[in-house]
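Below you'll find the structure, written out as C-alpha cells, and then a few comments.
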Amino acid sequence: PAYRGASPIAEAIKNGDAVTGVTVMVMDAAMDHGPVLAKTAVPIAPEDTTETLSAKLAAAGAQRFGDTLHAYLSGALAAEPQGHAQATFCKLIKKEDGLVDPQSQTAAEIERRIRAYVPWPLVSASLNGKLAKLLAARLGPATDRPPGTPWLAQGRLFLACAAGTALELVSVRPEGGKTMDGAAF
C-alpha cells in the first residue's frame, strides 16, 4: 500500500489521487508492512467521498480475497515483499482536521478535503463570521474577489478561495442549523 496507517482512503482523496486500491497481504508485526499476495486498482471518481470509496474498496477486496487466500494456502501463490521506500504513513484524523481556511487553501484543496472527510469529521469554514459545515461542493469559476468572500450568482453560492479560485457550495449546514443548499444558506 502507498498509504499506511489510520486514514488511507481519506488521504488518497485529499491528495487528489486518480486511483487507489486494495492489497491482500500476509500480516506481520508492523502496520501494513507484510509481503503482498495480490493488488487490485480502484479508480477514484471525481464525486467519491471516503464513504463511497470505502464501499468500492470493500467490494473489490472481498472479491479478490477468496481466490487469493486459496492460491496462497495451496502453494500456487508466493508472497512478494512490498516496496517500503514508496510507502507513506497516514495519521489518525481528528475533528480539527476538518477546519479549512479559504484564505490560504485553494478551491481544489478544500473540495477534496470535503470529499475526504465525509462521513467524519466533515469540513467546517467560517462564512460571514459564522462556522458552517461544508457538506458538498464543486469547483467554481476563477475570481478576483478576496479569499473568504462568499457571493451569490445565478442562484448559486460561491466562496472565493486562495490563488483566485472559487468553490460552489452545494450543501451547507450552518452552526446549530439544518442542512440546506448553498443558495438557501
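Residue numbers start at 1 and run along the sequence shown.
Counting non-hydrogen atoms of other residues, nucleotides and ligands closer than 6.0 Å to NZ of Lys91 gives a total above 12.
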Under 3.5 Å donor-acceptor pairs involving side-chain atoms of residues 110-122, not counting sequence neighbours:
{"unit_1": "Glu111", "atom_1": "OE1", "unit_2": "Arg115", "atom_2": "NE", "d": "3.4"}
{"unit_1": "Glu111", "atom_1": "OE2", "unit_2": "Arg115", "atom_2": "NE", "d": "2.7"}
{"unit_1": "Arg112", "atom_1": "NE", "unit_2": "Lys14", "atom_2": "O", "d": "2.9"}
{"unit_1": "Arg113", "atom_1": "NH1", "unit_2": "Asp97", "atom_2": "O", "d": "2.9"}
{"unit_1": "Arg115", "atom_1": "NE", "unit_2": "Pro46", "atom_2": "O", "d": "3.2"}
{"unit_1": "Arg115", "atom_1": "NH1", "unit_2": "Pro46", "atom_2": "O", "d": "3.3"}
{"unit_1": "Arg115", "atom_1": "NH1", "unit_2": "Asp48", "atom_2": "O", "d": "2.7"}

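Residues satisfying the side-chain contact (heavy atoms from CB on, under 4.5 Å) criterion with Pro43, sequence neighbours excluded, are absent altogether. In this view, Phe65 and Val24, Leu69 satisfy the side-chain contact (heavy atoms from CB on, under 4.5 Å) rule, not counting sequence neighbours. Every side-chain hydrogen bond (donor to acceptor under 3.5 Å, both in side chains) that Ser104 has, sequence neighbours left out, goes to Asp101. For Ala184, the side-chain contact (heavy atoms from CB on, under 4.5 Å) criterion is met by Met180, Asp181, not counting sequence neighbours. Partners of Pro150 by side-chain contact (heavy atoms from CB on, under 4.5 Å), not counting sequence neighbours, listed by chain and number: Asn128, Leu157, Leu159. For Phe158, the ring-ring contact (aromatic ring centres under 6.0 Å, His included) partners two or more places apart in sequence, or in a different chain, are Trp151. With sequence neighbours left out, the salt bridge (Lys or Arg N to Asp or Glu O under 4.0 Å) criterion links Asp32 to no other residue. Judged as a side-chain hydrogen bond (donor to acceptor under 3.5 Å, both in side chains), and not counting sequence neighbours, the contacts of Thr40 are Arg64.
When all heavy atoms of Gly155 and Ala183 are compared, the closest pair comes out as O-CB, 3.1 Å. The two residues Arg145 and Ala160 have their closest heavy-atom pair at O-CB, 3.8 Å. The two residues Ala166 and Ala107 make their nearest non-hydrogen contact at O-CB, 3.1 Å. The two residues Ala41 and Val19 come nearest to each other via the heavy atoms CB-CG2, 3.9 Å. When all heavy atoms of Ser54 and Thr50 are compared, the pair lying nearest together is OG-O, 2.6 Å.
No path of Ile, Leu, Val, Met, Phe, Trp and Tyr side chains, each step under 4.5 Å between heavy atoms, connects Met25 with Val22, placing them in separate hydrophobic clusters. The same ILVMFWY cluster, assembled from side-chain heavy atoms under 4.5 Å apart, contains both Val100 and Leu169. Cluster annotation: Leu127 is connected to Leu152 through the hydrophobic network of ILVMFWY side chains, with a link wherever side-chain heavy atoms come within less than 4.5 Å. Both Leu37 and Leu73 are part of a single hydrophobic cluster, where members link through side-chain heavy atoms under 4.5 Å apart. Linking ILVMFWY residues whenever their side-chain heavy atoms come closer than 4.5 Å, directly or via other members, leaves Val170 and Leu139 in distinct clusters.
Among residues at least two apart or in separate chains, side-chain hydrogen bond (donor to acceptor under 3.5 Å, both in side chains) pairs with a member in residues 165-179 are Arg138-Glu168, Arg156-Glu168, Arg173-Thr179. For residues 165-185, there are no ring-ring contact (aromatic ring centres under 6.0 Å, His included) pairs, not counting sequence neighbours. Identified under the side-chain hydrogen bond (donor to acceptor under 3.5 Å, both in side chains) test for residues 15-30, with sequence neighbours left out: Tyr3-Asn15, Tyr3-Asp17, Asp28-His33.
No side-chain heavy atom of Lys39 sits under 4.5 Å from any side-chain heavy atom of Glu80.
Between atom CG of residue Leu167 and atom SG of residue Cys161 there is a gap of 5.0 Å, rounded to the nearest 0.5 Å.
Side chain of Gln105 to backbone of Ala162: no donor-acceptor contact under 3.5 angstrom is found.
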